[in-house]
Amino acid sequence: MGLILTEDQLILRNMAKSFFDEKSPVERMRRLRDSQDTTGYSRELWREMGGLGWIGITFPESVGGADMGYSALGVVLRECGRVLAPEPFVSTVLLGGNALLIGGSDKLQEELLPKVSSGERTLCLAFQEQGRFAPYAVSTSAASDGGGFRVRGEKRFVLDGHVSDQIVTVARTAGSSGERAGLTVLVVDADTPGVTVERSELLDGRNAAYIKFDDVAVDAERVLGEVDCGAALLDAVFDRATIGLCAEMVGSFEEAFERTLEYLKMREQFGVKIGTFQALRHRAAHMFGEIEFARSVVLDAQSAIDDGRDDVAECASAAKARCSDVAHLIGGEAIQMHGGIGMTDEEEIGLFAKRLKAAELTLGDANYHRNRFAGLRGY
Amino acid sequence: MGLILTEDQLILRNMAKSFFDEKSPVERMRRLRDSQDTTGYSRELWREMGGLGWIGITFPESVGGADMGYSALGVVLRECGRVLAPEPFVSTVLLGGNALLIGGSDKLQEELLPKVSSGERTLCLAFQEQGRFAPYAVSTSAASDGGGFRVRGEKRFVLDGHVSDQIVTVARTAGSSGERAGLTVLVVDADTPGVTVERSELLDGRNAAYIKFDDVAVDAERVLGEVDCGAALLDAVFDRATIGLCAEMVGSFEEAFERTLEYLKMREQFGVKIGTFQALRHRAAHMFGEIEFARSVVLDAQSAIDDGRDDVAECASAAKARCSDVAHLIGGEAIQMHGGIGMTDEEEIGLFAKRLKAAELTLGDANYHRNRFAGLRGY
Amino acid sequence: MSSTSIEEFRQEVRSWLEKNLPQELRVGSRKGLPKDSLRKWTEALVSRGWITPEWPTEYGGGGLDRKHAAALKAELKAIRAPMITSFGTMMLGPTLLEFGTDEQKQEFLPQISRHEVVWCQGYSEPGAGSDLASLQTRAVRDGDDYVITGQKIWTTGADKADWIFCLVRTDLAAPKHEGISFILFPMHQPGVEVSPLTLIDGSADFSQVFFDGARAQAKHVVGPVNGGWTIAKRLLQHERTTDGGSEGGITGAMKETLADFVKREVGVENGVLADPQLRQRLAQQEIEAKALKLTMRRAREEARAGQTARDIGSLGKYRWANMVQGEQNLAMLALGTQGLGWSGPGFEDTHLERTRAWLTTRADSIWGGTNEVQLNVIAKRVLEIPE
Amino acid sequence: MSSTSIEEFRQEVRSWLEKNLPQELRVGSRKGLPKDSLRKWTEALVSRGWITPEWPTEYGGGGLDRKHAAALKAELKAIRAPMITSFGTMMLGPTLLEFGTDEQKQEFLPQISRHEVVWCQGYSEPGAGSDLASLQTRAVRDGDDYVITGQKIWTTGADKADWIFCLVRTDLAAPKHEGISFILFPMHQPGVEVSPLTLIDGSADFSQVFFDGARAQAKHVVGPVNGGWTIAKRLLQHERTTDGGSEGGITGAMKETLADFVKREVGVENGVLADPQLRQRLAQQEIEAKALKLTMRRAREEARAGQTARDIGSLGKYRWANMVQGEQNLAMLALGTQGLGWSGPGFEDTHLERTRAWLTTRADSIWGGTNEVQLNVIAKRVLEIPE
């Protein structure tokens, strides 16, 4: 199942394509960046997507979702990737949303997810404390305090953390940094006393926050999953988020490649189109293959989730290992083949190269995921 | 010093080139292989080289050597590599010879090295017990027995072991396989009772032996270096042998590349010379750069030995890491660019590809040496 | 036959196999099996027309429709029956069915479905490899015959073949693609000389074939005279599809997965491969194999669904060659010097096999269209970059 | 001056430096230094002619021979003096010394050695990048002047330049290499418009320059009219040699070796880098840097010894670009998401610098001849494969 689009998904793709072409050409992302917009995306457009059912497309209907699965979400994310739309799918839906969906009590889900689905509320996942992806390298502590916890620590690279209403936070209730056991996932309201959120801008024009928890009180009811057992929850969340991110990356690959191909067919040097040079033709053919292969692995990973297969983790790591490698290749070749003009901020291809580098390193690079894949395969 | 040839070395190169072109075209190596010659090289030619002073070119004059250093030996080895001459430089001079030279008593050196230099005697180093290069992975034991040792164990891939008069043998006198400490290097006469030597043929037409030591008595005077401290001796031997092997590899790179270049300039398909295809031109240009870089690193490594520099080990690993990578590249591209004809045994380019694969994996592959280089550099 | 339901048919095949396929042949490969058993098994298949299950019964085929044929193949695969395929069944037969005259079909197809005549393929020439259409072997009309002069190379099994299907030039003046004919003639005749070619892996399955006045009957030209290029391309297309579809061929033939092999050779400590670099390489190869398999499957599904499928036959061949070679390269790194043996003690048989396999697979990026040709095709046909 | 022995001269330079080079300028870079000190330091150099030490004293140079000039450079480097170089000293000056008339030398060289006039280079155009000779900017004779119309791009420092040395087309009918002239004219005049270009790393050192009726004096054509291509090539050659020779530029500018950086970011456990893949990558980069350095040194030694040296300028540029980009790619892998910052808290300054440096170095395989052009040159000139 799932290597080709169903009738419904074909219709969805056409809708999404028209929507993004009309409302969110790449130019919009540049405007948001250049205006130093403090939100970093369009709240209005996000609510429109909520209205179309795309935010909650994987959520159950009970919380305002469409229950259409990751193959459908992938269709929307691919179109996001094509136009570099910076709306908070990764932070709100894939990371924060999934944490709630997989680990949240019915009460918490009912409280938060309908507003997430509609686009009113934004979430984030504050887990990262160092540069390289290492999900269990958590020192932020959550000390037991009567019926709840007191959270102390600092988080970096919290995607869209600067505009999130709830900060899903990974803290340590036992053990020490790097250990799988002893992690607890909590929902912290952004306006809780002791929470400081500072906005950072990223090279791809998106936003991440530096968040400090200074003795922040969190109620025990706001724990997702089990205390001390957050790792299993996080694994499931990261697998889904990784697969979603890969779907977005595939869209960016395809668009960056098509633009590069157009350039090869149009640009003249030495009296001929540069696309007539065999070395460039071969490299373009190789890139095409890399993208097709990545796309296949990502489609398969999406249906692994939708079909409830037991190899979701393996699929997620296979997909991200491939997509990170391809991101490096396509980002580099896209600029190289555009020549000097590709180095200018004015030419949009550079925006793709930056986004692809960010995506390459987010949620684990190719080496990380090949090692993880190897571990899952028993070697 | 040593990045370019001195006057003396230029003369040596011309001599060596004429010698090998006349007496040892590639065709000779094929004949040796096809005749299943049990020696695997020409004893007569080897003695001629001895007469020219090439075998002992790095040995001191006191043992019949020319004391001209590795830069000079490299000149000869490069010409060997150009014609795939299978004479036993690696086994006799670089491995066995160096072990004697660095670790042997004056008496042992005087007994053996003059005959080695003249080409009368052949040596080998029996160290390897498993497939991948791991110099301390030695289980062969040397048990103390009165004034000497009793050796028990099995060795694989002993280059030219089938024709060696003395087998320099690495055995364990303490500790267990993999440990650096506890190794002892001994000279075992091939005709000692309990020694069984069986010849194996390798893919590059050369020979290696499978050697069994069944309770073999060795006199304490035949120990090279110190008992239990063989590792340091081995390190020095392997560094020199690696650098020498790399010099030979460079010769094979250059010849394989030049032949491939000639083929590109001559072969027609689609009505044009295939050398006009830009993709092949770019790949050829890249190969050229790889070979030039490898050559520079090898020349520097040679003079590191000759100048008594303290970075010989680092240079050896840098050289082999580069050369192993280049061997893989050149061997692959040489066949690919020759197309179908490159797959035939009749076309000599395949002989180069096979030799390069053997050299790539002998004395440690690129990964091994990059790791070693990193360790030597303190990370 | 095709009127029985698939399930009934499967049942019937299964019981037939139990009766006709000796236990010792159930190994998934034809290599090294006892000749006598193999001959009997072949006869049994022939009696049902099951060497060529989809061919019409009048030509000795099984007369099965696509679904029944697929069911038969599935059963044969499940029981690991040795496949009896040949250039006749895979290449010439389908070509004759599409382009041959009734007379040609009557003459040649039954021999093929009965496994009586061994065919070889006369395509490549020393000067015509990637550029096949520049072939120079000439066929000159002489009464009811053609007289053939020239040279072929890479002719698989020429030393064992009874007949050859051969591309020859019948019009020297025409543009190179328009003077080629596709012709059939016997190998056992004066003017045909076969000289086996030894390859770098030591094998000698290919030959050079020299024609010096060999004769073919004019009625054995398939398709129009000078119209052979269309047929040749069609046949190559068929060959390319077959290759791209096979998954990790070499590893498969080795009867051990690449992962199991590497684990065994390199060792596993605490559940982790002892060498972190080879661990990465192995993961990369496994992901590559997965991606190739999924991509070929996706292409088939897209084609079936009528969704805009780009032709990825060339991509499949290119990546398949890369993958197979990557696997062998990894295997060599895992083996170290144990992968360098040719013969003699100190090397296990499985290691010696690996050495040869590494060499054999050097050809995978050359035959059936070189990597370079595949990339050219992708750039031109799929990406439509003007030349 | 050149009559003093090298050792005496070195002594003299050292004591002069102690007197004239303030402590705070001894940092090996010109970037971010206090303007006032920098101005005084420049004046001191100018007073000795040491901005252009090898130029004749009549043109404001130092009049030193090669050996004394080398000694001076060594001393400046040893004390980490900020270098005062410019397009004038590096590019135009040597060109005028080789091709200029006496009048041109008198007019322009002293201004350059006194660091009074800032020059920029008008070479590339939007339609003429790799294929520079296809440039379209026109210069039409009008009395004693030329009138210039067209557009340049990638003009470094155009927004700060007083004059430009510029390639223009003076004969439209001639073959493209034979209608180009090398001409000098002032930037501050009507008909010259400069529009800075922002690059992907956020920098704006380059500009586009538009000419609409700008005027140059005819006597400011360097070399023959329509003979500018020879001069342009000579100048580019000079540029290329400079690049290939520099070793690990970016890392150097970062004031920390790549190894130290990676060790710090990734961590070392028991003397081994905590990540085995990055350990391999780092070793590979270090070996690559070593190989590049040795190869450039070998080429110089071979040339000096008159041994058959192949021209490896293009190879050097190509590999240098690869090396620098490889280093930055590795740095990004070592940083992980810390390498993705643009501004704001949560990112250290050194991390933000790395992000920009990664982007900046994307251009290294483009400017000064793309990788593709270098490979073309190697194949044609060095390997002599006929086209």
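Heavy-atom basis, side chains included; hydrogens, waters and symmetry copies ignored. Order of the sequence lines sets the chain letters (A, B, ...), proteins ahead of strands, with each chain counted from 1.
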Using non-hydrogen atoms and a 4.5 Å limit, figure out which bit of [X] sits close to chain B: side chain, backbone, both or neither.
{"X": "D:E288", "answer": "both"}
{"X": "D:L315", "answer": "side chain"}
{"X": "D:N376", "answer": "both"}
{"X": "D:V262", "answer": "neither"}

Interatomic spacing from [atom1] in [X] to [atom2] in [Y] - rounded to 0.5 Å:
{"X": "D:L273", "Y": "B:Y379", "atom1": "CG", "atom2": "OH", "result": "8.0 Å"}
{"X": "D:M296", "Y": "B:E292", "atom1": "CE", "atom2": "CD", "result": "11.0 Å"}
{"X": "D:E387", "Y": "B:K273", "atom1": "CD", "atom2": "NZ", "result": "14.5 Å"}
{"X": "D:I287", "Y": "B:S317", "atom1": "CD1", "atom2": "OG", "result": "7.5 Å"}
{"X": "D:I385", "Y": "B:L264", "atom1": "CD1", "atom2": "CG", "result": "5.5 Å"}
{"X": "D:E301", "Y": "B:L5", "atom1": "CD", "atom2": "CG", "result": "11.0 Å"}

Side-chain contact test, heavy atoms from C-beta onward, threshold under 4.5 Å: evaluate it for B:N371 versus D:R279 and give yes or no.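 Yes. Closest side-chain heavy atoms under 4.5 Å.
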
Answer yes or no: is there a side-chain heavy-atom contact under 4.5 Å between B:C315 and D:K290?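 Side chain of B:C315 against side chain of D:K290, heavy atoms only: contact under 4.5 Å found.
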
State whether D:E384 and B:K265 are salt-bridged, where the test is any N-O pair (Lys NZ or Arg NE/NH1/NH2 against Asp/Glu carboxylate O) under 4.0 Å.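 Salt bridge flag = no for B:K265 with D:E384.
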
Cationic N near anionic O, under 4.0 Å, D:R319 to B:E290: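 Salt bridge present between D:R319 and B:E290.
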
For B:E7, look at atom CD and say whether over 12 heavy atoms of other residues, nucleotides or ligands are found less than 6.0 Å away.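 Incorrect, the count does not exceed 12.
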
Is it the backbone or the side chain of [X] that comes under 4.5 Å from a heavy atom of chain D, or both, or neither?
{"X": "B:R281", "value": "both"}
{"X": "B:H369", "value": "neither"}
{"X": "B:A374", "value": "both"}
{"X": "B:F373", "value": "side chain"}
{"X": "B:D325", "value": "side chain"}
{"X": "B:L10", "value": "side chain"}

If you count heavy-atom pairs within less than 4.5 Å of chain B, which of D:E286, D:E269, D:R298 leads?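 Between D:E286, D:E269, D:R298, the count favours D:R298.
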
Most contacts with chain B, counted as non-hydrogen pairs under 4.5 angstrom, among D:L375, D:N371, D:V268: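 Ranked by heavy-atom pairs under 4.5 Å with chain B, first place is D:L375.
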
Pick from B:G375, B:A321, B:A318 with the largest number of heavy-atom pairs that fall under 4.5 Å of chain D: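 Result: the option with the highest number of such pairs is B:A318.
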
Non-hydrogen atoms of B:L3 and D:L294 that approach each other most closely: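 That closest heavy-atom pairing would be CD1-O, 3.7 Å.
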
Any donor-acceptor N/O pair, D:Q280 side chain to B:N367 backbone, under 3.5 Å: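 Indeed, once roles are kept as given, a pair shorter than 3.5 Å links the two residues.
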
